[in-house]
Amino acid sequence: AVRQRGAMEEVNVGSSELLNVLGDVKARVHEKLGIVDFPMPQFILIGRQSVGKSRLIETLAGETFNFISGTLGSRRPTVLEFRNDGTAEVSRWFVRCPQTHRWQMYPVADVMRIIGQRHEELGASVSREPVHVRIESAACVDMQIVDLPGFRDFAMDRSKQRLADEIEDLVMTFMRDVRNVILCVEQAGDAATMSSLARCREVDPGLQRTILIRNKLDKYYKDLTHDNVNKWVHGFGELPEHLPCFALTLPFWQEGLATPPKPFRELIQDMCARDMAQMKEKGLSKRYLGTIGFSSFAGFMQHQIESMFAEAIDPVLDSLKELKESADRELEGLSAEFRDTDPKKLLSTVRDCGVSFAMALTHVMEGVLNLQPVMSLDEELRKFHAYHHALGSTHFSCVPSADFVELEEYLEFLGEEFHLPTYSVQVNGGAQFRRLMLEVEVFLRFSEIAEECSKRDVMQARGVSMTTLTWRDVVVKLLSNEAHLPLQRRVVYCGERIRWFFEQQKDAILNFMLSLEGTPGARMFSPLFPRHATLIQQNEMIKHLIYLTYDMACQRQLQQFVELFDDVLTSTFSNPWVFLKGATTDETAEEMGDDAYLLPSFDETRERIRREIRTRSSTGSQISQWLQDIPQDIDAIDQAVDDVNSAVLRTYGFIRSHLCDQIELFAESFFKLPMMRRLEEDMAQIQLSEQDLASSKARRERLGREMSQAKEHLVEIDACISRIEGFLLTCAGRLYSAPAAH
């Protein structure tokens, strides 16, 4: 930027030419491409009503005019482009058409009327949409500013106060934009009472991008003396040293006169000379004389504009090139989608995208860094409960025990009492699944038999039969009746949690596929992932079919998980003694030390088998002993009922512990592995309905329009780049030919 600015200064490139280039580029980017966030500096003019903003604009234009905006004043931004043309005998006024975005020249009276109508059409409201005016004359300065509605300090009624509040919000929004340089107009008074400057301090605490203009200096001539004039200009210490601050008197004349008593430009010169003479007479230091009068302000602004816009050349050009790269990628993506969604190969495209999506699930479950979205267990459970609350689900319990009155208590237990690992860590994929397994295990372990078996239940369960009924048979009956259903409802909770977990991975899978584009790690995965992900993201029909197939696979696996687990529970409670056989372990392994890992002899193998068979039934033997101790005599029925209850609870405790220990195995076997193995097959069997075909046809029509628009955008971007590069080449050419001219 420094090199470009130096070249422009050396060949004497006027600020008007520079402003025209960047102004036109900004207009095309903003209006034809719809891009507001662009690295282009601009000046915004703020101040209270009647502080002199309008007269300052007239002074910059070099002639008087009045935008007719009714009794409510201006209610939208007015972008004013001043262009100095020394050859112009009369001023030329233009308004940019909001429909065609082209400049149209009008007589000044028509310009005033058009601008007034644009304000009046808003009624008692405001708008951020600006109106654009351009003035070309020999009297105006070269600059571009945005004139914002004036702050309203007082309101007569509620409607006026509402309008004043909306105006303040509008102006403050412009002031908060760090690209905007604020021209703050105040009356030449005490710096401590400047309300508009106070607003500037709110958004620009160091006043680094603020320029203060103190108007109506002539009203304070009498208050200034040799003793205080330097302190007054400096704001009596209230103004920072680095703040550009100008004091001036703008042209004015006697009220009632329709036109000024002399040419407006002469009035400007007279006021400027008078300000300078008065301040010299008051003894103002030469250090501050450059801040007095409109001429000083205009000279400063010309230098400031040239400096700022010259420095903006390179950032603007870089942004345009980045915009071009983005537009090229967008057009390429649209063209690829248009080709791939050809009716002849649409079904194949959808299935291929689905198969890639299914393959990517495996990688997400293996763990991918920096993948979004993620969630903590607290967020996960809240969303899960909100989801089923919205569905009105009643087929399972949402909290593990009736002692937890609401979800908050269960969350507090998991996080603060149980200290579940990674409770507050935001994860997804395989890490989230591991945490889920631990949470559902905790949930399952809360399962209890609701109440003790009564004497009637025990006696009813014993009954009579052709053979002798033992207390073992009674315990099995009571377990099937009292314990099966509570545990079954908790198993449904486990299945619903796993299903919901997998359904929440869809966006993570798609983001993983998209994130591979242009990364070094992309070589480790299928090269089709980014391409298919772009298609899924852009085409709602393809995305809907793939997501729907994925959700149906999750629902199928939920049903299989519940059915298979229910079969396990049924068989377990039908014959719990087989299920409760203890695990076989080699108890002599520790005693043998390193020799335990040597190949055993045949005799050692036979001895190991006998030992394992003897020890595996330890739990069953213990329960059998409890059952044998239950009295058979009818006179001891009360004691028998207590013993049966104890045996039921103990047996159920063993069954629950075994199931909870194996919950991850069940989840892997009944849900996760079948889901991941069969998902590709499901995606390869996607079918298209008539509605899908109609949706695809409508999408292709939109694609055609979007491709045309993308091409138009590229044309506009190329034109902007060519305009700036051409301007820079012209400057370089002038610099090269400058010595020859001498």
Side-chain angles (χ1 to χ4, degrees), residues 324-364 502-503 505-519 521-557 674-718:
K324 177 177 171 58
E325 292 177 2
S326 176
D328 283 332
R329 288 194 299 268
E330 180 185 2
L331 181 58
E332 182 181 351
L334 293 172
S335 301
E337 182 182 352
F338 191 81
R339 292 192 304 270
D340 292 336
T341 55
D342 184 279
K344 296 180 181 179
K345 53 192 263 188
L346 177 60
L347 180 59
S348 174
T349 297
V350 174
R351 290 176 173 177
D352 289 344
C353 290
V355 170
S356 291
F357 191 84
M359 293 171 60
L361 172 62
T362 302
H363 300 299
V364 171
F502 274 103
E503 288 182 351
Q505 302 307 304
K506 295 194 292 289
D507 289 340
I509 296 170
L510 184 57
N511 289 338
F512 162 69
M513 297 171 69
L514 289 169
S515 67
L516 295 176
E517 182 70 32
T519 62
R523 297 177 178 272
M524 302 171 59
F525 306 98
S526 170
L528 295 176
F529 279 178
R531 177 185 170 188
H532 286 165
T534 302
L535 271 174
I536 296 172
Q537 185 183 46
Q538 292 179 346
N539 193 299
E540 284 298 325
M541 186 272 293
I542 296 178
K543 184 177 184 179
H544 170 72
L545 286 174
I546 292 175
Y547 276 25
L548 179 62
T549 303
Y550 183 94
D551 289 343
M552 291 173 62
C554 292
Q555 182 62 35
R556 179 196 64 215
Q557 292 310 132
M675 165 87 178
M676 298 177 69
R677 286 173 178 170
R678 297 180 59 184
L679 187 58
E680 291 185 36
E681 179 183 350
D682 294 332
M683 295 295 183
Q685 295 178 355
I686 292 177
Q687 296 295 331
L688 299 177
S689 65
E690 292 297 327
Q691 183 179 0
D692 295 329
L693 293 174
S695 175
S696 176
K697 181 179 179 181
R699 171 61 181 167
R700 282 177 62 82
E701 292 175 355
R702 290 197 303 273
L703 277 175
R705 293 192 296 269
E706 291 176 6
M707 289 168 60
S708 298
Q709 186 180 28
K711 291 176 181 178
E712 291 175 1
H713 284 184
L714 272 173
V715 170
E716 292 296 331
I717 295 170
D718 286 336

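Only this structure's heavy atoms are used, side chains among them; waters, hydrogens and symmetry mates stay out. Nothing here was measured: the structure is a model prediction, and the numbers come from that model.
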- Decide yes or no for S348 and D352: does some side-chain heavy atom of the first lie under 4.5 Å from some side-chain heavy atom of the second? yes
- Message: A quick test of your reading: do over 12 heavy atoms of other residues, nucleotides or ligands sit less than 6.0 Å from CD of Q555?
- Response: yes
- Item | Check against side-chain contact (heavy atoms from CB on, under 4.5 Å), L688 and L545 | CA-CA 9 Å; L688 299 177; L545 286 174; 3.4 Å; yes
- Query: Does the side chain of R556 reach to within under 4.5 Å of the side chain of M675, using non-hydrogen atoms?
  - Reply: no
- Would you tell me whether S689 and D692 have side-chain atoms, one donor and one acceptor, within less than 3.5 Å of each other? yes
- How about F357 and Y547: are their ring centroids closer than 6.0 Å? yes
- Decide side-chain contact (heavy atoms from CB on, under 4.5 Å) for D551 and F502; before the verdict, give the C-alpha distance in whole Å, the side-chain angles of both, and the deciding distance to 0.1 Å. CA-CA 8 Å; D551 289 343; F502 274 103; over 6 Å; no
- Main-chain N/O of L535 paired with N539 side-chain donor or acceptor, under 3.5 Å: no
- Do I686 and M683 have side chains that get closer than 4.5 Å, going by heavy atoms? yes
- Is K345 reaching over with its side chain to a backbone N or O of D342, donor-acceptor style, under 3.5 angstrom? no
- Task: Identify the residue among R699, E706, E330, K543 that makes a side-chain contact (heavy atoms from CB on, under 4.5 Å) with Q538.
- Result: R699
- Query: Can you find a pair of side-chain heavy atoms, one from T549 and one from R351, that are under 4.5 Å apart?
  - Reply: no
- Task: Please assess L693 against L346 for the test side-chain contact (heavy atoms from CB on, under 4.5 Å), listing each intermediate value before the final yes or no.
- Result: CA-CA 9 Å; L693 293 174; L346 177 60; 4.1 Å; yes
- Going by heavy atoms in the side chains, are R329 and E325 under 4.5 Å from each other? yes
- Query: Would a distance-only check, ignoring hydrogens and angles, find a side-chain to backbone donor-acceptor pair under 3.5 Å from S356 to C353?
  - Reply: no
- Is the closest side-chain heavy-atom distance between V355 and H532 below 4.5 Å? no
- Hey, can you tell me if H363 and F529 have their rings parallel, tilted or perpendicular (30° and 60° cut-offs)? perpendicular
- Could you tell me whether the side chain of P343 reaches within less than 4.5 Å of the side chain of R700, counting heavy atoms only? yes
- Task: Answer yes or no: is there a side-chain heavy-atom contact under 4.5 Å between M513 and M359?
- Result: no
- Item | Any donor-acceptor N/O pair, T349 side chain to D340 backbone, under 3.5 Å | yes
